[in-house]
2 protein chains.
Amino acid sequence: MNVYEYLLSFQIKPSVQRIAIMDYLLKHKTHPCIDEIYLALCKDIPTLSKTTVYNTFKLFIEHGAARMLTIDERNACFDGDLSAHAHFQCKVCGKITDIPIKQEETEMENLQGKGFSIEEVHHYYKGICPECLEKNNNN
Amino acid sequence: MNVYEYLLSFQIKPSVQRIAIMDYLLKHKTHPCIDEIYLALCKDIPTLSKTTVYNTFKLFIEHGAARMLTIDERNACFDGDLSAHAHFQCKVCGKITDIPIKQEETEMENLQGKGFSIEEVHHYYKGICPECLEKNNNN
DNA sequence: AATAAAATTGTAACAATTACAAATATAAAA
DNA sequence: TTTTATATTTGTAATTGTTACAATTTTATT
């Protein structure tokens, strides 16, 4: 399925900008922030506005086609991977890594049993990644 | 142990402002943002500056005496409860609720086994709380 | 081809946070 | 106690991420 159809499957009307943004999101698993997307796509779409990037992500999230990560206090990051997974952000290099989780149903069921309606699960770890630890040891 | 000694136990030199802020944090489990603290303490400390509240939280976090929650995209929230627990934020009323978790050691051990050094665990849920669901049903 | 609706754009406004220098308070030394 | 040095607090200004909004452009409809 191409990006055009992928957007349609979320009831999102495709446009040049929306396709480009979703395409970037699906091809780059870097959990990009607004600026990363904006700067990357400016080359291809010189008229692109940062407001459009904001608007588009708002739309994607409303339609369930992307998720917003608040793991980085400075910037909102976006994730096109809709599967259940956790994230790890390195405090040194800032890189965000995907972490597989076995969805702990028990905890969610517990919440639901208490009358909470769960719409989002965010699971973050912070610390230092192996690469940065390694570099540090060599100094 | 009083707040004065509590701060000292984190190697934080107590001051009128620092004691007041930590005292508020320990007595109010509302996960307050900067403004909530600032407005609440202004009554007692009329000269209080918002910059001091920012500085103080930065200090608390550096010394491990508080944690910052990024669960709310709008504002950073603070938590003085250092025990392992998750959070739930209601998308309607915005209230943040503490959720007990049985620390899933397996997942952390797994990460550590891969060479990650874990310093923080954040575990957020979002949805609608029982109170707001109830209100909605009555409309 | 004309019209209406939707999407994009750029600017300005806004709000949270930080930088910074001046003022105040605290601690140490004389 | 007085002086001096250090740490803390304060207020303002600057910065940054985000949103509001009106004008423009694009797309769809008649």
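This is a predicted model, so every value here is computed, not measured. Per chain, numbering begins at 1; letters A, B, ... match sequence-line order. Quick note: numbers below take in every heavy atom, side chains included, and nothing from hydrogens, waters or symmetry partners.
- A:His122 has its ring centre no less than 6.0 Å from the ring centre of B:His122.
- Minimum interatomic distance between A:Cys90 and A:Cys129 (heavy atoms only, all atoms of both residues): SG-N, 3.4 Å.
- Side-chain contact of A:Thr30 with A:Glu36: a donor-acceptor pair under 3.5 Å is present, judged by distance alone.
- For DNA chain C, the outermost nucleotides in 5' to 3' order that have an atom under 4.0 Å from a heavy atom of chain A are C:dA6 to C:dT11.
- Linking ILVMFWY side-chain heavy atoms closer than 4.5 Å, directly or via other members, places A:Leu69 and A:Tyr38 in two distinct hydrophobic clusters.
- Within residues 8-18 of chain B, the residues that have a heavy atom under 4.0 Å from DNA chain D are, in order of number, B:Lys13, B:Ser15, B:Gln17, B:Arg18.
- B:Glu5 CD: more than 12 foreign heavy atoms inside a 6.0 Å radius.
- Of the residues in residues 23-32 of chain B, not one places a heavy atom less than 4.0 Å from an atom of DNA chain D.
- Other residues, nucleotides and ligands contribute over 12 non-hydrogen atoms within 6.0 Å of the NZ atom of B:Lys29.
- Residues from residues 59-75 of chain A with heavy atoms under 4.0 angstrom of DNA chain D, sorted by number: A:Arg74, A:Asn75.
- Contacts classified as salt bridge (charged side-chain N to carboxylate O under 4.0 Å, His left out) and involving residues 58-84 of chain A (residues at least two apart or in different chains) are given here: A:Glu73-A:Lys126.
- Remark on DNA chain C: of its neighbouring residues B:Ile34 and A:Ile45, the 5'-side contact belongs to A:Ile45, judged by nearest-heavy-atom nucleotide.
- Taking all atoms of both residues into account, the shortest heavy-atom contact from A:Cys77 to A:His31 is CB-O, 3.4 Å.
- Along DNA chain D, the stretch of nucleotides lying under 4.0 Å from any heavy atom of chain B spans, 5' to 3', D:dA7 to D:dT12.
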Could you walk me through whether B:Ile19 and B:Leu7 pass the side-chain contact (heavy atoms from CB on, under 4.5 Å) check? CA-CA 8 Å; B:Ile19 292 170; B:Leu7 287 176; 3.9 Å; yes

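- Within 6.0 Å of NZ in A:Lys91 there are more than 12 heavy atoms belonging to other residues, nucleotides or ligands.
- With hydrophobic clusters built from ILVMFWY side chains whose heavy atoms lie under 4.5 angstrom apart, A:Ile96 shares a cluster with B:Ile71.
- Of the candidates A:Asn75, A:Ile21, A:Val53, A:Ile37, A:Ile37 is the only one forming a side chain to side chain contact (heavy atoms under 4.5 Å, CB included) with A:Pro32.
- For B:His123 and B:His87, the distance between ring centers is not under 6.0 angstrom.
- Here the two rings, on B:Tyr125 and A:Phe116, have centers that are 6.0 Å apart or farther.
- What you find for B:Met68 and B:Tyr124 is that their closest heavy atoms are O-OH, 4.3 Å.
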